[in-house]
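Here the structure comes first, spelled out in structure tokens, and everything after it is commentary.
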Amino acid sequence: YHEYQPYERLEDDLKLMVGANLNVVRVGESTWATWEPEDGRFELDWMRRILDAVHEAGIKAILGTPTYAIPPWLHRKHPEIMAQRAGGELVPYGGRQNVDLTHPAYRHHAERVVRAVAGAFADHPAVIGFQVDNEAGLELLHNHGVFQAFVDHLRRTHGTVERLNELWGLAYWSHRLSSWADLWVPDGNTNPGYQLAWRRFQSALVTEFLAWQASVVREYARPDQFVTHCLAGGHGRPAADRLAVAQVLDVPAENLYYQMQDALELPGGTSHDHSGPSWLGDTGTWTLYLQADLARSAAPSGFLVTETNALTIGEAHTNAPAYDGQWRLAAYALIARGARGVSYWHWHSCHQGNETYWQGVLNHDLEPGRCYREISRIGAELAAHGGTLDELEPDADVAVLYSQDSRYGLSFQPPLGMPDSAEPDRRAYERILNAFYRGLFDAGAQLAVVHPAQPFERFPVLVVPALYVADDALLQRLVAYARAGGHLLVSFRSGYADEHARARWTRPPGILRAAVGASYQECSNLAVPVGMVAADGFALPTGARATAWADGLELEGATPLATYDHRHFGRFAAATTHRFGQGQVTYVGTLPDPAFGRAVAEFVLWQAGVRSRWADLPPSARVTGATTGAGRRLWFVSNWAWEPVAVPTPVAGTSLLSGRSVHEGGSVELGAWDVDIVAEA
């Protein structure tokens, strides 16, 4: 972003980039007011100078459309385009992603600037692709036009208000509609069916907006240029459906951020002496892998990482630059899980603006430092071995079913409270899924994330966390999966509501009941963690706890794995397992703490016959496998701690990064925060 630099240094920056083997930059996406300083007056030559210099340096560019941050003159002339929140508040000017994406005035001006930018530079040899907008879906749009479009959508989908009355149960609290004009705005809505439909509609608006903009760009793009959009990583924005967005792009992209320093240490990585950004959520090495697996769920052929940690992330009070080696560890972890490119936010640290302390590869002094040196090392290694790492197919023995509908449904009626608070946890779905993902990660599993519309039958283990909203067909697919030989790991709150968020009128877990071999009639929130008592054959570490929730499970053929160490809840199983058809179903009726989650995961992996060839790993070591496009097996061997380790090797081959030979029965030697790649012979 040369336009942010405090003085002329384009030639110097490009020399540094070439020296670090950086081969692609993003340009242009947040500078609408620079592209179009006044209504209808475009200035484009400043970018041509940058792209010419980039091309001369042998670097490629992804050119961004600047539609996510509008210029002041557009707000001044059309204040009505600002996004409206529940209650009628218009989002004030001064931020980004703050407009009604559907408003005709916004669409007119957005299309005009997109056509100007794409039309001017699509033929530039440096430009390999276009990024449309940026991290879309931040706001739920309550604007009048959006609501009217929602009513039209419901009319087309359901036909009559009588059908809506039935599906949403609108007799309750006298909400029954006699005409479409009776539908109230969602600002004060208390109906879960309404809320689910509203959230689905909001996500569809974002997908339509990106599809529309991509179609405009494709009118100018060359056949060899791609169209992408960078989603906010992890569980993403409130109004962005990862899988749907991926369908309208050529190459999906994500911005993946994580807490560095002690947060990355294995085992553990949960305690550190500094606070992370408020939006970051959970920390730990597992969160980095989860974000990559989520990204790959919508892009099985690979995804771009358009942003990840450079020096520090977040605000002025959350500085935590990586320890030596952690940038390199993170880069190879992302590549191992399917990233086709890794880009850093951003090249230099801005000296003004909201993200002054979101520091880049270069600090405010603009001199090469520790971050630059380590990223230069990554660049040199990828220059030497990047061809081998193209088109990797990551290993995965376990799939996690991700339900966007359940995420929406449980954000409205959360089953969990905030820790140490009586307030509901609107991120309950994310919290439950994270707990099960982490348990399997800690147990050494390699995971994939799948969506209900995708096939999952090939995986020996399928994890179903909090599948609250689901139609009969999906639940029957899960039953058939277990009957045919798969191992289902199901959490509480699964199978409870139908596709309209109506609680089912059968004993939970409903359609899954026979497969689970247990049911319940009551459940309880746990104010404090409850200890566990293990059944025979189930290894439970000392101190393992059930947290936040307890189903009152009654056995109907299942075998208990653990019960609660509690005077009342001790009558119920906390976790069960059940042979069903040719497969098995393990059910967990509580939110496991990390120790309990890992114990359940190890049990499931053992029962399913999932074994890693890399056994007896040091606690800080992680090994993930992948297959190259040419069919060669690669093993990414990493050490997430300070102490050097020797990782026993069950294969023979060559270490790509160290150049050493690897012998079966030997070891890979790794230093502190170190990584190597074994190419199997």
Side-chain angles (χ1 to χ4, degrees), residues 234-235 258-273 276 280-294 333 398 400 415-420 425 427-447 449 461 463-466 489-493 525-534 538-551 561-565 574-575 586-606 610 612 617-622 624 638 640-641:
H235 294 283
Y258 57 96
Q259 186 70 293
M260 299 188 284
Q261 295 190 0
D262 294 338
L264 290 179
E265 189 166 17
L266 289 179
T270 56
S271 62
H272 34 86
D273 297 330
L280 193 58
D282 287 322
T283 63
T285 305
W286 64 272
T287 66
L288 178 63
Y289 282 81
L290 171 60
Q291 290 187 79
D293 290 337
L294 282 167
V398 177
V400 180
L416 307 180
M418 294 290 289
D420 304 317
D425 185 354
R427 293 179 57 83
Y429 178 79
E430 293 92 321
R431 186 171 156 197
I432 296 166
L433 185 142
N434 288 1
F436 283 85
Y437 183 97
R438 179 179 179 177
L440 284 150
F441 178 88
D442 289 347
Q446 299 184 80
L447 294 97
V449 176
V461 176
V463 187
V464 183
L489 172 56
V490 183
S491 91
F492 66 98
R493 231 44 181 171
N525 288 99
L526 300 177
V528 295
V530 174
M532 314 298 297
V533 178
F538 181 61
L540 190 63
T542 302
R545 295 288 184 268
T547 73
W549 184 271
D551 281 339
L561 295 178
T563 54
Y564 302 99
D565 186 9
T586 298
Y587 186 93
V588 179
T590 185
L591 184 68
D593 74 348
F596 187 23
R598 178 170 181 167
V600 170
E602 289 175 341
F603 170 82
V604 168
L605 294 174
W606 182 261
V610 176
S612 173
L617 297 180
S620 63
R622 181 83 187 173
T624 56
S638 51
W640 299 82

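These figures come from a predicted structure and were not determined experimentally.
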Mark yes or no for whether [X], through its side chain, and [Y], through its backbone, hold a donor-acceptor pair below 3.5 Å.
X      : Y      : result
Asp565 : Val530 : no
Arg545 : Pro529 : no
Thr547 : Pro592 : no

What are the two closest non-hydrogen atoms of [X] and [Y], and how far apart are they?
X      : Y      : value
Trp549 : Gly589 : CD1-O, 3.3 Å
His235 : Asn434 : NE2-OD1, 2.9 Å
Val400 : Pro465 : CG1-CG, 4.0 Å
Leu266 : Ser620 : O-CB, 3.2 Å
Ser491 : Ala466 : OG-N, 2.7 Å
Arg438 : Pro594 : NH1-CG, 3.6 Å

Quick one, [X] and [Y] - any side-chain contact, counting heavy atoms below 4.5 Å?
X      : Y      : answer
Leu561 : Val600 : no
Arg431 : Pro419 : yes
Leu591 : Leu526 : no
Thr285 : Arg622 : no
Phe492 : Ile432 : yes
Leu605 : Leu440 : yes

Quick check for you: to the nearest 0.5 Å, what is the distance between [X] atom [atom1] and [Y] atom [atom2]?
X      : Y      : atom1 : atom2 : result
Asp262 : Thr283 : CG    : OG1   : 10.0 Å
Glu602 : Leu540 : CD    : CG    : 11.0 Å
Met532 : Tyr564 : CE    : OH    : 6.0 Å

task: Give a yes/no verdict on a cation-pi contact between Arg493 and Tyr429, requiring under 6.0 Å between NZ or CZ and the six-membered ring centre and an angle within 45° of the axis.
output: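 No; the conditions do not both hold, so Arg493 does not lie above the ring face of Tyr429.
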
message: Which label fits Tyr289 and Phe441: parallel for a plane angle under 30°, tilted from 30 to 60°, or perpendicular past 60°?
response: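 Geometry flag for Phe441 against Tyr289: tilted rings.
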
query: When the ring planes of Phe538 and Phe596 are compared, do they come out parallel, tilted or perpendicular, using 30° and 60° as the limits?
result: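 Correct class here is perpendicular.
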
- request: Please check if atom CG in Asp420 has more than 12 non-hydrogen atoms from other residues, nucleotides or ligands closer than 6.0 Å.
  value: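 No, not enclosed.
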
query: Step by step, would you call Tyr437 with Val463 a side-chain contact (heavy atoms from CB on, under 4.5 Å)?
result: CA-CA 8 Å; Tyr437 183 97; Val463 187; over 6 Å; no

- prompt: Any salt bridge (charged side-chain N to carboxylate O under 4.0 Å, His left out) pairs touching residues 282-291, not counting sequence neighbours?
  reply: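 For residues 282-291: none.
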
